[in-house]
Structures are given as C-alpha cells and as structure tokens.
Amino acid sequence: MPELPEVETVRAGLSTHLPGRVVDRLEFRHPRTSRRQSGAADAPRQDALTGCVLQEPQRRGKYLWVPAGNDDGASVALTAHLGMSGQFRLSEGGSPGPGWERHVRAVLRFRDDGPTLWFVDQRTFGWISVEALQPHSPGECVPPSVAHVARDVLDPLFDADLWNRALRRRRSTVKRALLDQTLQSGVGNIYADEALWRVRLHPDRATGRLTRADAAGLLAAVREVMAEAIAAGGTSFDALYVNVNGSSGYFDRSLAVYGRAGEPCRRCGAPIVRERFANRSSHFCPRCQRRPRYAPAM
DNA sequence: AGACTGACCTGAACGC
DNA sequence: TGCGTTCAGGTCAGTC
C-alpha cells in the first residue's frame, strides 16, 4: 500500500521523466478517478494542462502534485493521490503495457516523443485532478486538495515541538493519532505498526499519557522506518517504470510486525498478534508492547 | 469541536 | 468446480 516511502519513490521516478515536458492532454478513463476534479466556474478544468510545461513533482505525505505553467511560472498542478492501488506507469510508444492495461484510469500525453504517463488503479480509491496552486505559507504554494494535510514527518519544516505537544493533547490512542493526516502526514497502517514496535508502544496507548520523551522517541522511529523504506524502495524500482506494487525488497525482508501474525517477534520471539482495529488490523508483539491497563481512549 | 464509524472499490484467498 | 465470504486499507461524509 502506498504510504509516504512509496509515494516518495513515485515522486522521484516522475522527477526524472516529467520536468520540462509540454503536455498535450489529460484524458480520464474512469469517472471515479476524476471525482475530485472541481466543476466550479473559477476552478481549472482538465484541459487547463494542455500546452503547459511540467515542473518538479512535489509531495506532502501521500499526496503528489506536479506544478505546471508557462513562462510566467506555475499556476496549476496535476494533483494525485494513489489511494490503495494507484500506480503511475511510463510507456514508450503511446500504448499501455500488457498486464496493467485493464486498470488504466487516466492518461497524460505529451507534445514530444517521450514516454506516455499512465495512471493505473485497480480499486479506484486513487484520484487525479487539475487544480489551481494557492499560497499556503511564505514562498510555498499547494493545491487545495493538499491544504488540509499536515506537513509530513520528513518535511524540513515539520515542527517537532509543536507536534509533540499536539499529540499529547489528543484524547485518543497512539495508533489512531499516527493515522490522522491532519496531525502529521504520510503514515499509514504498515509504518504505524512498524514504528510502534520499534519503540515498544502498544497501539492502544493513550496519547494523553505519553511523556514528552515517549513522543519524541516515536517520531524518531517513524522517521527512521520511513527513511529505511525509501532507501529500500529506491533500489527495487525499474528506472523506466514508476511502480507501486507493494512487492519491494523492503516488504519481504525488513517488516517486523506487519503481516507477520503468528511469527516470532524479531526481538523476543513471542508470536506477533494481529488484532482488529477500526476496519483494519494492528500488528504488535504482545510481550514487547504491553497493552495498557487503563481504558483505551483515556 | 473533536473523535470515531461506515462506505467506497476490486481481486485474491479462503471455506464449504 | 463453484459460489459466497472475507480481507486488504486511505480518506471523507456523516454521526455522536
């Protein structure tokens, strides 16, 4: 599933193929994929990209956007979220590759002979939209779809002190807080479980009872696991294809708890537990990550 | 206002 | 074999 490291790998892949290229047109192939495209009179339409030059792809958390414009600078952005199964693929010759043609949801064609960009998304949780870039903070513009998302944990402008206080002010549990993209972005179910294991925190620990040091340690663990995943993901993607398929080497070798229910904890040997959690699963070591004794949401 | 749940979606894996 | 069920989970509208 694409979380921050996977989206960053996609962003880096797009970065080597898109900047400087002139868009011919964006085509949608599935109505759900264009559901975020605003119909407001003053909002850009999908054909606003035509003739624009693409710039360096940007990312915040799991959101991606490619600023585009003319000689005066970028005014619009091709914005995207991969959802749970979205991929960007590049292909020479203007046709999709075998194996993923069935799930093509959008196509970006260019006014050059370079590769065509395909948005492939089996489950259509992902989306693409053309949006106006709006001032967000000094010297920074983001698309409206991204404005409500907190800075991600790898953002140089991420304020760790502010985050530390905000986390401990929450009346929730630590895993719920990690998945809340308005507190910090980029963390999904997999890396939340991995980070919690690293700092021996049970997913149901109350955020309000964490110490300042607990929270600082958790942030360090989240950053660490993501940095390692980016490093691993970067080696497992073909240079020509920007691929998000969940099968990178990292997933096979390095996960400590996610998907390892019943297997021994890499630290203490106790069988990893999988537990239902808010329509998904939590994975943890019952010995290293002791369940809190107080009521869960205190 | 903040916390939380269910709906959205498809295909693989599973049980009988 | 085949059919129905379960599972995967990011986000957001809706609810409390």
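Being a predicted model, the structure only gives us computed values, none of them experimental. Per chain, numbering begins at 1; letters A, B, ... match sequence-line order.
Side chain to side chain, Thr33(A) and Arg105(A) fail the donor-acceptor criterion of an N or O pair below 3.5 Å.
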Output one line per pair: protein atom, nucleotide atom from nucleotides 13-16 of chain C, and distance, for all N/O pairs under 3.5 Å.
none

Kindly give the atom pairs (protein nitrogen or oxygen, nucleotide nitrogen or oxygen) under 3.5 Å for nucleotides 5-7 of chain C.
none

Set out, line by line, the N/O atom pairs under 3.5 Å between protein and nucleotides 7-11 of chain B.
from	atom 1	to	atom 2	distance (Å)
dC8(B)	O3'	Arg32(A)	NH1	3.3
dC9(B)	O2	Arg123(A)	NE	3.3
dT10(B)	O2	Arg123(A)	NE	3.4
dG11(B)	OP1	His103(A)	NE2	2.9
dG11(B)	O4'	Gln122(A)	OE1	3.3

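Pairing each heavy atom of Val187(A) with each of Tyr191(A), the nearest pair is CG1-C, 4.3 Å. Here the closest heavy-atom approach between residue Pro96(A) and residue Val104(A) is recorded as CB-CG2, 4.0 Å. Contact record, Gly186(A) with Glu3(A): O-CB, 3.7 Å, taken as the closest heavy-atom pair.
Arg36(A) comes within contact range of the sugar-phosphate backbone alone, with a heavy-atom separation under 4.0 Å but no base atom that close. Backbone-only engagement by Tyr63(A) is indicated by non-hydrogen atom pairs under 4.0 Å involving sugar-phosphate atoms exclusively.
The pair Arg29(A)-Asp121(A) fails the salt-bridge criterion, with no side-chain N (NZ, NE, NH1 or NH2) lying under 4.0 Å from an Asp/Glu carboxylate O. Using a cut-off of 4.0 Å between Lys/Arg side-chain N and Asp/Glu carboxylate O, Lys175(A) and Asp193(A) are scored as salt-bridged. Using a 4.0 Å cut-off between a side-chain N of Lys or Arg and a carboxylate O of Asp or Glu, Glu228(A) and Arg198(A) qualify as a salt bridge.
Within the model, atoms CG of Asp214(A) and CZ of Arg200(A) stand 13.0 Å from one another, a figure rounded to the nearest 0.5 Å. Here Leu78(A) contributes atom CG and Gln55(A) contributes atom CD; the two are 12.5 Å apart, rounded to the nearest 0.5 Å. How far CD of Gln184(A) is from CG of Leu178(A): 5.5 Å, rounded to the nearest 0.5 Å.
For Leu183(A) and dG10(C), the CG to P distance is 16 Å, given to the nearest whole Å. When rounded to the nearest whole Å, the span between NZ of Lys175(A) and C1' of dC4(B) equals 15 Å. Note: CG (Leu255(A)) to C1' (dA8(C)) measures 15 Å, nearest angstrom. Computed from coordinates, the Asp204(A) CG to dC4(B) P distance equals 11 Å when rounded to whole Å. Whole-Å rounding puts the Leu4(A) CG to dT11(C) P distance at 11 Å. Regarding Gln184(A), its CD atom lies at a distance of 13 Å from the P atom of dG10(C), rounded to whole Å. Across the protein-nucleic acid pair, Lys62(A) atom NZ and dG10(C) atom P stand 5 Å apart, rounded to whole Å. For the pair Asn189(A) CG and dA8(C) C1', the interatomic distance rounds to 9 Å; values are reported in whole Å.
The ring-ring contact (aromatic ring centres under 6.0 Å, His included) check on His202(A) picks up Phe284(A), with sequence neighbours excluded.
Ring geometry for Trp163(A) against Phe158(A) counts as tilted: the plane angle lies between 30° and 60°, on a 0 to 90° scale.
Figure legend: Arg266(A) and Trp197(A) shown without cation-pi pairing, the cationic atom not lying both under 6.0 angstrom from the six-membered ring centre and within 45 degrees of its axis.
Direction change of the helix axis from one end of the helix from dG2(B)-dC16(C) to dC16(B)-dG2(C) to the other is 50°, with five pairs defining each end axis (rounded to 10°).
Connectivity analysis of hydrophobic side chains (ILVMFWY, heavy atoms under 4.5 Å, direct or indirect) links Val146(A) to Tyr63(A), Trp65(A), Trp127(A), Leu133(A), Val142(A), Val149(A).
In terms of phosphate contacts, Ser172(A) brings a side-chain nitrogen or oxygen within less than 4.0 Å of OP1 or OP2 of dC4(B). Checking the phosphate oxygens (OP1, OP2) of dG10(C), no side-chain nitrogen or oxygen of Gln181(A) falls inside 4.0 Å. When the side-chain nitrogen and oxygen atoms of His148(A) are compared with OP1 and OP2 of dT11(C), none of them lie within a distance under 4.0 Å. Residue Arg176(A) places at least one side-chain N or O under 4.0 Å from the OP1 or OP2 atom of dT5(B).
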